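Single-structure report; data block below.
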Amino acid sequence: VLIHINQKINSNINDTLHIIDIGTGSGCIPISVSKKSDHPNLKIIATDISKSALKIAKQNAAHHSAEIDFYRGNLLSPIKSYLLDLEKSGVKHEIILTANLPYLTHEEFHNEASIQYEPYSALVASEEGLGLYRKLITQIEQLGKQFSIPLSAYLEINPSQADKLIYLVKKSLPDAKTVIKQDLSGKDRVVLACINI
C-alpha cells in the first residue's frame, strides 16, 4: 500500500492532500507516510473504532515525531464534519483514503495457526471478509451526495477478494475508476478506486 500511496503523493504537489487512514490500528501506514513524504501541503488523519488501538497509535506517532490527527469512531463517521469544512473552504483539496480493514473470514482465522494470538476483531469481518469494506463504500457513496472533492481509495485485501471488492465499488460508485495493484510478491493486494466525489 505504501509504495502506491507514495507514488500518488509525489505525483501531485500542488493541491492540499489529506491522507486519511481508516481503521489505523497501530498507526503504521500514516506514520510511514509522515516520515517518507516531503509534500509541502500534507495533512494526515487516522481513525479507529478501538480506544486501545488509538492509544497505541498515538504513542507510536509520538515516538516517531509524526504529525497525525487521530479520531475515534466507525470508519469515516468521526471525520464527516472535517470533510464538510474542506468542502466549504473553497481551497483545492484532494483526499487519499487508505484502509487495511479486517478482511479474513471466520474459517480463515481458525485455519491459520500463526495468528491465533492476534485480536479476532482486528482480523475477521462478516460477509466473507468484506463486511467492513461494504460499510466503508456505503459511507463514501453517501459523501458523494454532498462533496465534490477528488478521492482516491486504497483498499488492502486478500488476493482472492479483489474481484468481489471491485464489484462492490462499482455497484455503489458506478463512476469510479478501479485498478488492482499488486504487492511485492506479485499478488493482487490493493483495490484502488478513484472517485470524483
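Here the structure is a predicted model, which is why all the values come from computation and not from measurement.
- Taking hydrophobic clusters as Ile, Leu, Val, Met, Phe, Trp and Tyr residues chained together by side-chain heavy-atom distances below 4.5 Å, L86 shares a cluster with I195.
- Taking CG of D21 as the reference point, atom CD1 of I96 lies at 12.0 Å (rounded to 0.5 Å).
- Distance CG/L17 to CD/E94: 5.5 Å, rounded to 0.5 Å.
- Separating the OH atom in Y71 from the CD1 atom in I22 is a distance of 11.5 Å, to the nearest 0.5 Å.
- Among residues two or more places apart in sequence or in another chain, the side chain to side chain donor-acceptor pair (under 3.5 Å) test is passed with S52 by S50.
- Among all heavy-atom pairs drawn from L42 and S37, the shortest one is CD2-OG, 3.5 Å.
- Taking all atoms of both residues into account, the shortest heavy-atom contact from I149 to L83 is CD1-O, 4.4 Å.
- With hydrogens and angles ignored, the 3.5 Å screen pairs no side-chain donor or acceptor of K181 with any backbone N or O of R189.
- Between the Y154 side chain and the A193 main chain, no donor and acceptor come within less than 3.5 Å of each other.
- With hydrophobic clusters built from ILVMFWY side chains whose heavy atoms lie under 4.5 angstrom apart, I56 does not share a cluster with I49.
- Atom CD1 of I20 and atom CG of L76 lie 7.0 Å apart (nearest 0.5 Å).
- Contact of the L54 side chain with the T47 side chain is not registered, since no non-hydrogen atoms from C-beta on lie closer than 4.5 Å.
- In this view, Q161 satisfies the side chain to side chain donor-acceptor pair (under 3.5 Å) rule with no residue, not counting sequence neighbours.
- The two atoms that bring A162 and I180 nearest to each other are CB-CD1, 3.8 Å, heavy atoms only.
- The pair D69-K43 counts as a salt bridge, with a side-chain nitrogen and a carboxylate oxygen less than 4.0 angstrom apart.
- Take S185 and apply the side chain to side chain donor-acceptor pair (under 3.5 Å) test, not counting sequence neighbours, and it matches D183.
- Counting only heavy atoms from C-beta outward, the side chains of T24 and I29 never approach each other to under 4.5 Å.
- Atom CD1 of I19 is separated from atom CD1 of I95 by 10.0 Å, given to the nearest 0.5 angstrom.
- Taking every heavy atom of both residues into account, L101 and G23 meet most closely at CD2-CA, 4.1 Å.
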Given side chain to side chain contact (heavy atoms under 4.5 Å, CB included), test L97 with I140 step by step and report yes or no.
-> CA-CA 10 Å; L97 184 73; I140 294 173; 3.6 Å; yes
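- Contact between A61 and I31 at its shortest, heavy atoms only, is N-CD1, 3.5 Å.
- Between the side chains of S148 and E87, at least one donor N or O lies within less than 3.5 Å of an accepting N or O.
- Applying the side chain to side chain donor-acceptor pair (under 3.5 Å) test to K164 and every residue at least two apart in sequence or in another chain returns E128.
- Closest approach of Y133 to A99, counting heavy atoms only: OH-O, 2.8 Å.
- No side-chain donor-acceptor contact under 3.5 Å links S77 to the backbone of G73.
- In this structure, H93 and H18 have tilted ring planes: the angle between them lies in the 30° to 60° band.
- Using a 4.5 Å cut-off on side-chain heavy atoms (C-beta onward), N74 and Q139 make contact.
- Between L155 and L192 there is no side-chain heavy-atom pair separated by less than 4.5 Å.
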Output side-chain donor-acceptor pairs under 3.5 Å for residues 165-174, partner residues at least two apart or in another chain, one line each.
residue: K170; atom: NZ; partner: A176; partner atom: O; Å: 2.4

Step-by-step side chain to side chain contact (heavy atoms under 4.5 Å, CB included) determination, R72 to D48 | CA-CA 5 Å; R72 184 183 176 201; D48 205 291; over 6 Å; no
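- For residues 53-62, no pair satisfies side-chain hydrogen bond (donor to acceptor under 3.5 Å, both in side chains), with sequence neighbours left out.
- Note that CG of L143 is 8.0 Å distant from CD1 of I79, once rounded to the nearest 0.5 Å.
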